[in-house]
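Heads up, the thing below is written out as C-alpha cells.
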Amino acid sequence: GTDVRGWPEEIEDKKIIFKYARKESPEFGPRIPMYNFKEGEMEKILRNTGFINTRKFSDFKPDLNENADFFIYKTYRPT
C-alpha cells in the first residue's frame, strides 16, 4: 500500500528479513522473514506433506502474475 514502507534489513542465502513502518510513524512494525523458494518448490513441499487443492496468488490478488513481488498459497490438508 501507499501508507507502508518496507525494505530488506538482512539478506541471507535462503531468507530475507523485511522491516516495515507506516510512513507517518517513526516506530517500526514487525520484522518479517521471507524465504526464497525456487519455481515450483513450495507447491512440491505442500503436495509432499499432504496438502491438496493449492491455489497460488500474486501480490495479494487472485490473478497470477509470475513477475510479482509476493506469492501466497491457499491450500487444504485433509485430516
Side-chain angles (χ1 to χ4, degrees):
T2 58
D3 295 333
V4 177
R5 54 193 165 100
W7 58 94
E9 183 181 49
E10 296 175 32
I11 300 174
E12 300 173 11
D13 185 40
K14 285 267 186 181
K15 177 175 70 174
I16 299 171
I17 305 290
F18 270 81
K19 197 172 202 176
Y20 291 90
R22 294 201 172 275
K23 285 186 178 179
E24 70 278 355
S25 173
E27 295 185 28
F28 296 109
R31 298 172 69 232
I32 301 174
M34 296 187 187
Y35 299 90
N36 184 18
F37 292 98
K38 294 179 179 143
E39 180 65 35
E41 185 178 4
M42 178 55 76
E43 290 96 327
K44 183 178 179 181
I45 291 169
L46 292 168
R47 189 173 46 254
N48 289 344
T49 54
F51 287 89
I52 60 173
N53 300 333
T54 300
R55 291 182 58 200
K56 184 177 177 180
F57 298 87
S58 54
D59 286 339
F60 306 104
K61 298 176 185 162
D63 52 325
L64 190 57
N65 174 1
E66 291 298 333
N67 295 316
D69 293 321
F70 300 100
F71 294 99
I72 296 173
Y73 298 86
K74 179 180 178 183
T75 190
Y76 171 75
R77 185 172 181 199
T79 55

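No hydrogens, no waters, no symmetry mates; every other heavy atom, side chains included, goes into these values.
- Judged as a side chain to side chain contact (heavy atoms under 4.5 Å, CB included), and not counting sequence neighbours, the contacts of Met42 are Phe37, Leu46, Tyr73.
- Taking every heavy atom of both residues into account, Trp7 and Ala21 meet most closely at CH2-CB, 4.3 Å.
- Taking 4.5 Å as the limit, every side-chain heavy atom of Phe51 sits out of range of all side-chain heavy atoms of Ile45.
- In this structure Ile32 satisfies the side chain to side chain contact (heavy atoms under 4.5 Å, CB included) test together with Tyr20, Pro30, Met34, sequence neighbours excluded.
- Not a single salt bridge (Lys or Arg N to Asp or Glu O under 4.0 Å) links Glu12 to another residue, sequence neighbours left out.
- Among all heavy-atom pairs drawn from Pro8 and Ile16, the shortest one is CB-CG2, 3.7 Å.
- Between Gly50 and Pro78, the closest heavy-atom pair is O-CD, 3.6 Å.
- For the pair Pro33 and Lys15, the tightest heavy-atom approach, listed with the atom from each and the gap, is CB-CD, 4.0 Å.
- Atoms CG and OH, from Asp13 and Tyr35 in turn, are 13.0 Å apart once rounded to the nearest 0.5 Å.
- Within the structure, the side chain to side chain donor-acceptor pair (under 3.5 Å) test picks out the following pairs touching residues 39-55 (sequence neighbours left out): Thr54-Thr75.
- Contact between Phe71 and Lys56 at its shortest, heavy atoms only, is CD2-CE, 3.4 Å.
- Under a 4.5 Å side-chain heavy-atom cut-off, the cluster of Ile, Leu, Val, Met, Phe, Trp and Tyr residues that includes Tyr76 is completed by Ile52.
- Every residue two or more places apart in sequence or in another chain that forms a salt bridge (Lys or Arg N to Asp or Glu O under 4.0 Å) with Arg31 is listed here: Glu9, Glu10.
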